[in-house]
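The figures here come from the full heavy-atom set of this structure, side chains too, leaving out hydrogens, waters and symmetry mates.
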Amino acid sequence: MSARSLFRTISFALGLLQIAAVICAFERPAHAYVDPGSGYMLLQVIGSMFAGAIFFVRHRLRRLFAFGADSSENETATQQ
């Protein structure tokens, strides 16, 4: 590990520590109740969004790369 990458890693860790300290220092009291099921619901929403994004990107990539292949296959089929 070079000195530069070590310096970057330490700087990043110290930056995260400073952000965590500021968040803890300016913590406001919560005037609401959050039950344990809310966390699982949040995980489900995040997982669903991730799965949807993967499907969307995969679908778009297939259409993008299959577009040229479909048109060449159609041309050969009509020539025969």
Side-chain angles (χ1 to χ4, degrees):
M1 183 181 253
S2 68
R4 184 176 174 96
S5 64
L6 181 64
F7 178 73
R8 280 186 168 182
T9 304
I10 291 173
S11 296
F12 182 73
L14 288 175
L16 286 178
L17 186 62
Q18 287 176 348
I19 290 171
V22 168
I23 289 173
C24 289
F26 295 107
E27 181 181 6
R28 296 186 319 204
H31 299 290
Y33 172 73
V34 179
D35 64 338
S38 300
Y40 289 117
M41 188 170 58
L42 180 65
L43 284 176
Q44 180 183 359
V45 168
I46 290 171
S48 299
M49 288 175 24
F50 183 71
I54 288 175
F55 175 77
F56 179 77
V57 169
R58 187 183 69 191
H59 179 70
R60 291 291 178 180
L61 286 175
R62 281 188 180 170
R63 285 185 59 196
L64 177 70
F65 291 122
F67 181 73
D70 286 343
S71 62
S72 64
E73 288 176 9
N74 288 340
E75 289 174 7
T76 57
T78 56
Q79 290 176 356
Q80 292 177 357

Query - Sequence-distant partners of Ser38, side chain to side chain donor-acceptor pair (under 3.5 Å), two or more places apart - result: Asp35

Query raised in the report: What is the distance from atom CZ of Arg4 to atom CG of Leu6, rounded to the nearest 0.5 Å?
Result: 12.5 Å

Query - Transitive ILVMFWY side-chain link Leu42 to Phe50, under 4.5 Å - result: no

Query raised in the report: Are Arg8 and Phe12 side-chain neighbours, meaning at least one heavy-atom pair lies under 4.5 Å?
Result: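 Arg8 does not reach Phe12 side chain to side chain.
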
Query raised in the report: Which residues pass the side chain to side chain contact (heavy atoms under 4.5 Å, CB included) test with Ile23, sequence neighbours left out?
Result: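 Testing Ile23 for side chain to side chain contact (heavy atoms under 4.5 Å, CB included), a comparison that skips the adjacent residues, returns Ile19.
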
